[in-house]
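Report on the structure given below.
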Amino acid sequence: PVIPEELLSLVALGTPHIAGHSYDGKALGTEIIYNKLCDFLKLEPNRVFSDFDFSVDASHLTLSGDDMYAQINNIILSAHDVREDDLQLRKALEKTKALRKESSSKQDARAEVFDQMRKNYKKRREFSNYTVEINNDNENHNQKVNVDSLESKLHALGFIVRHQLV
């Protein structure tokens with residue numbers, strides 16, 4: 001697809017990612033197709049999703065921020081900072097501005113930039129791969145945050161939440 005310059009200038013964040021296409025989703029989708037193919041060919045599957053190492057670097061995230069929503073925002077950005085995607089997309093598309101306005105070569109170049117970014121999109125993991133540790137220190141130093149509410153919201157987003165005694 002070609003992202004019109006006018007549209008990109010109107011949005012707060014633009015990314016080349018496909019919604020719902022996390023690394024985990026792709027792996028699970030591959031397993032489903034593999035199992036269906038094995039069924040069709042009447043073969044016994046010899047691989048399962050759990051056979052592969054899907055560990056996440058830095059899977060333990062740290063709370064920071066003055067209030068609950070700042071903490072949630074910081075946790076989300078620690079797992080995947082969509083602002084980096086936006087910056088890379090804007091920089092890459094900026095390079096095509098030197099081409100004549102509305103020329104087909106400019107449109108082709110913009111489409112190629114977007115396509116390459118999408119094909120080479122970094123591994124994005126589901127929030128369920130990350131553990132947020134809440135400890136007594138979090139509770140004592142920031143009385144503004146309702147820990148039960150924070151935990152509930154993080155769970156709703158898919159994060160694993162653990163309480164740690166200090």
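These values consider heavy atoms only, across backbone and side chains, with no hydrogens, waters or symmetry-generated copies. Counting begins at 1 with the first residue of the sequence.
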Of the non-hydrogen atoms in [X] and [Y], which two are nearest, and what is the gap between them?
X    : Y    : answer
E126 : G25  : OE2-N, 4.4 Å
S128 : I160 : O-CD1, 3.3 Å
E133 : L63  : O-CD1, 4.1 Å
A79  : Y130 : O-OH, 3.4 Å
L150 : Q71  : CD2-OE1, 3.2 Å

Any pair counted as salt bridge (Lys or Arg N to Asp or Glu O under 4.0 Å), so long as it reaches residues 75-93, sequence neighbours left out: D81-R83, E84-K122, D85-K122, D86-R90
Side chain to side chain donor-acceptor pair (under 3.5 Å) involving D148 - partner list, sequence neighbours excluded: none
Shared hydrophobic cluster, V147 / I72 (ILVMFWY, side-chain heavy atoms < 4.5 Å): yes
Hydrophobic cluster identity match, M68 and F127, side-chain contacts under 4.5 Å: yes
Ring geometry between H80 and Y121 (parallel below 30°, tilted from 30 to 60°, perpendicular above 60°): tilted
Atom pair CG (N146) and OG (S152), whose distance is rounded to the nearest 0.5 Å: 9.5 Å
From D24 atom CG to L28 atom CG, the distance as rounded to the nearest 0.5 Å: 8.5 Å
Other members of the hydrophobic cluster containing [X], with the 4.5 Å side-chain heavy-atom rule, please.
X   : result
L89 : I3, L7, L8, V11, L93, V113, F114, M117
L87 : none
L37 : F40, L41, L43

Pair E151-H163, side-chain donor/acceptor within less than 3.5 Å: yes
Donor-acceptor side-chain pairing of R162 and T131 below 3.5 angstrom: no
N129 side chain vs R125 backbone, donor-acceptor pair below 3.5 Å: no
side-chain hydrogen bond (donor to acceptor under 3.5 Å, both in side chains): pairs with one or both residues in residues 34-48, sequence neighbours excluded: Y34-N46
